[in-house]
S.K.: 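Starting off with a structure, shown below.
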Amino acid sequence: MYRASNFIPDPNQVLLDAKPLRSLAPMFPAPMGVNVNQSSTPPLVCVTPVGQFSAGFGAGTSANGAIDATPISAYKTRSNISLDGDDDPYSGNQTERKPRRGRPPGSGRDGSNGKLKRPKPTYKNFVAGKELAFLAASSDPRDIVEAVHMTFEALRRRHLQMDETQDASRRADLKAGAIMMASNIRANSGKRVGTVPGVEIGDIFYFRMELCVIGLHAPSMGGIDYMTSKFGNDEDSVAICIVSAGGYENDDDDTDVLVYSGQGGNSRNTEERQDQKLERGNLALERSLHRKNEIRVVRGFKDPFCLTGKIYIYDGLYKIHESWKEKTRSGINCFKYKLLREPGQRDGAALWKMTQKWIDDPATRGRVLLADLSSKAETIPVSLVNEVDHEKGPAHFTYTNQVKYVRPLSSMKKLQGCGCQSVCLPGDASCACGQHNGGDLPYSSLGLLSCRKPMIYECGESCNCSTNCRNRVTQKGPRLHFEVFRTTNRGWGLRCWEPVRAGSFICEASTYVSADEFEPLPIKISAKNMGNVSRFMNHSCSPNVFWQPVQYDHGDDGHPHIMFFALKHIPPMTELTYDYGVAGAESSGSGSRRTKNCMCGSQNCRGLF
DNA sequence: GTAATATCAGAGTA
DNA sequence: CTACTCTGATATTA
């Protein structure tokens, strides 16, 4: 049953969700609902591999400014329940229907026969803008777009988690979108032709609402975004952005060409199909052909990592070069538009396609110095590449993904287990592990971390559930094709072939040297002589990875596993970086903690770390 | 088991 | 207010 409170975000949650930039606590990079009062989440101090950082300097920038978020007075209100009358679009006006596949009418998940509508959410008097005003600590468009994007994702994952506990609608994407829109937490809300500030080619998305909130493509479902624009003295309606979701199937290997089908013709409410008309988006596309204006293109593909999902990739600017009419298989006239990618732009969808090929067949990845840096320690080989200079590889070290404990594992406190049959399920009050994590399972069904916590407790040996249980994520190890690569000015770095969704597990900090007890500050990762891929992760003041303590094989919170997760969506081949923490944090031990000049090059760069 | 195809509730914009 | 749409989640069937 629906409860209004499901939809009212905890203001603290949103407040923190909306704090991805360096505002109060730069060491909390994750906009994922960290409890601000927690004292147990230290910055991560890392002893970097030798020679990783060359001398240089990073320019410190003072970042201040506001996002284009203005306070809202109230969210929409709505009635509790409404009975829908006789507007059932499937009840009449039907041509003869042959038996068909798919679910029969009225077989929705709530068995409501399509008549009883689920009440719409209420966001009553929720003043988000005030809390969110400090969301942006930067006026850089990229920072704003990333802040908005991350806020959306944080809200979506948290709402998905809450909705699973209740048996509510699972459209967490729409809920997150509604909150963002109602609070005016969005970027680039005005329409424009051409590039959108802060949005870069290759940026990836998983929901249409994401495109909407960052101002890349306004329609929540429609494929053609258009506006009226002045050309000299006359106005014209021109297309500004299209989403090519593959729905009209144009087999293309040539990523610089896109044949886009016009809209219309297959009405959703009737069986009848009719010719497409030269109106709305189609007209705008036609006028764009005439005006030769640039059109943004977002390409959608089936996401190989999510059976039902799609991945959207911003592929930059195109221009329409010709249009024609074509009879489709179902016999209607359809408009076709041939778009060519404007030259001189970096790869977007093409890069994704290339890395997908590598994933299918790693041998197709050329220029490899070493096929598996891990020497089979990892399930998936870690390739070593250098496309920059003549260095043959990092200084010698022993690859290990084993964690060293100060005491033998057997002597540690046991982690309490659950008695769940088969797998743990959300909303199961009898699941001890769910309770241990504060009442919710920490990961989504896709294995994405829902919300950052002081500690995550995965199911372990003493649990009754199977290894398929969704509360076993990091213990299964990394599932990415990592690549240790030569950077231009930061020694070796780490990246991977897959696009990585925000909240995805990346890898463990294999050899961090903890003190006798887990001290809030600082954790030290020693990567000198041993380690796994994490030792190649460089520092950035605008990181895309954060770390999170996780337990699964013992119950001693003094010695947690340190696990890395994606802070934001990370396009393939993007360097993975995390915030090493604030320089000058008290350091003990080998004395190797020296301030280093930061080479991250981000707008928020502190200059040192 | 899985791929295809159906339903259905949607949100933003014109 | 309504129509429109290259959604996204889920159920059912081939």
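Numbers restart at 1 for each chain; the letters A, B, ... are given by sequence-line order, proteins then strands.
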S.K.: Dot-bracket for DNA chain B: what is it, with Watson-Crick or G-U pairs under 3.5 Å, [ ] where a pair crosses earlier ones, and | for a pair to another strand?
M.R.: .||||||||.||||

S.K.: Assign each of A/R171 and A/A218 to its nearest nucleotide of DNA chain B by heavy atoms, then name whichever residue's nucleotide is nearer the 5' end.
M.R.: A/R171

S.K.: Classify the nucleic acid contact of A/G223 as base, sugar-phosphate or nothing, counting any heavy atom under 4.0 Å across all strands shown.
M.R.: sugar-phosphate

S.K.: What is the distance, to the nearest angstrom, from the CZ atom on A/F152 to the C1' atom on C/dT7?
M.R.: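 Whole-Å distance recorded here is 12 Å.
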
S.K.: A/F205 CZ to C/dC6 C1': how many Å, rounded?
M.R.: 17 Å

S.K.: Testing the 3.5 Å rule here: is there a donor-acceptor pair between the side chains of A/E458 and A/T474?
M.R.: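 A donor-acceptor contact under 3.5 Å links the two side chains.
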
S.K.: Within this structure, what is the CD-to-C1' distance between A/E279 and B/dA14, rounded to whole angstrom?
M.R.: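 Rounded to whole Å, this separation is 12 Å.
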
S.K.: Could you identify which residues of residues 309-318 of chain A place a heavy atom less than 4.0 Å from some atom of DNA chain C, listed by residue number, or say none?
M.R.: A/K310, A/Y312

S.K.: With the criterion set at under 5.5 Å between ring centres and under 30 degrees between planes, would C/dC6 be stacked on A/Y260?
M.R.: yes

S.K.: So which heavy atom on A/A350 is nearest to which on A/T255, and how close?
M.R.: CB-OG1, 3.5 Å

S.K.: Between A/E498 and A/T355, does any side-chain donor sit less than 3.5 Å from a side-chain acceptor?
M.R.: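 Absent: no donor and acceptor within the cut-off.
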
S.K.: So what does A/K191 hit on the nucleic acid, given a heavy-atom distance under 4.0 Å: a base, only sugar-phosphate, or nothing?
M.R.: sugar-phosphate

S.K.: Less than 4.0 angstrom from a charged side-chain N to a carboxylate O is my criterion; do A/R170 and A/D163 meet it?
M.R.: no

S.K.: Under 4.0 Å, counting only non-hydrogen atoms across every strand here, what does A/D225 touch: a base, just sugar-phosphate, or nothing?
M.R.: nothing

S.K.: Can you check the A/L446 CG to C/dG8 P distance for me, whole Å?
M.R.: 14 Å

S.K.: May I ask you to check whether A/D440 and A/T165 show a side-chain donor-acceptor distance below 3.5 Å?
M.R.: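 Judged by distance alone, the side chains do pair up.
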
S.K.: Classify the angle between the aromatic ring planes of A/H481 and A/W497 as parallel (below 30°), tilted (30 to 60°) or perpendicular (above 60°).
M.R.: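 Plane angle under 30°, so parallel.
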
S.K.: When you check the gap from the basic side-chain N to the acidic O, do A/D140 and A/R142 get nearer than 4.0 Å?
M.R.: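 Salt bridge between A/D140 and A/R142, a charged N being under 4.0 Å from a carboxylate O: no.
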
S.K.: Nearest whole angstrom, please: distance from the C1' of C/dA9 to the CE of A/M221.
M.R.: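 Checked: the CE to C1' distance equals 12 Å.
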
S.K.: Specify the separation, in whole Å, of atom CZ of A/R186 and atom C1' of B/dG12.
M.R.: 9 Å

S.K.: Roughly how many Å is it from CG in A/L307 to P in C/dA9, rounded to a whole number?
M.R.: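 Interatomic distance, CG of A/L307 to P of C/dA9: 12 Å.
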
S.K.: Can you work out whether A/G222 or A/D173 has the more 5'-proximal nearest nucleotide on DNA chain C?
M.R.: A/G222

S.K.: Determine the minimum heavy-atom distance between A/N293 and A/S288, stating which atoms define it.
M.R.: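 Reported closest heavy-atom pair: OD1-OG, 2.8 Å.
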
S.K.: In whole angstrom, give the distance that lies between atom CD1 of A/I242 and atom C1' of C/dT7.
M.R.: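 Whole-Å distance recorded here is 17 Å.
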
S.K.: Charged N to carboxylate O below 4.0 Å: is that the case for A/D234 and A/R291?
M.R.: yes

S.K.: Which residues in residues 207-217 of chain A have a heavy atom closer than 4.0 Å to any atom of DNA chain C?
M.R.: A/F207, A/R208

S.K.: For A/Y226, does the six-membered ring have the charged nitrogen or CZ of A/R280 within the cation-pi criterion, i.e. under 6.0 angstrom from the centroid and within 45° of the normal?
M.R.: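 So A/R280 doesn't make the cation-pi contact.
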
S.K.: Is the centre of the A/Y206 ring less than 6.0 Å from the centre of the A/H569 ring?
M.R.: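 So the answer is yes for these two rings.
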
S.K.: Reading DNA chain C from 5' onward, which residue's closest nucleotide shows up sooner: A/R280 or A/C306?
M.R.: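 Nearer the 5' end of the strand: A/R280.
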
S.K.: Are the ring centres of A/Y260 and A/Y337 closer than 6.0 Å?
M.R.: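 No; A/Y337 has its ring centre 6.0 Å or more from that of A/Y260.
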
S.K.: Between B/dG10, C/dT5, B/dG12, which nucleotide has the shortest distance from any of its atoms to the side chain of A/Q263?
M.R.: C/dT5

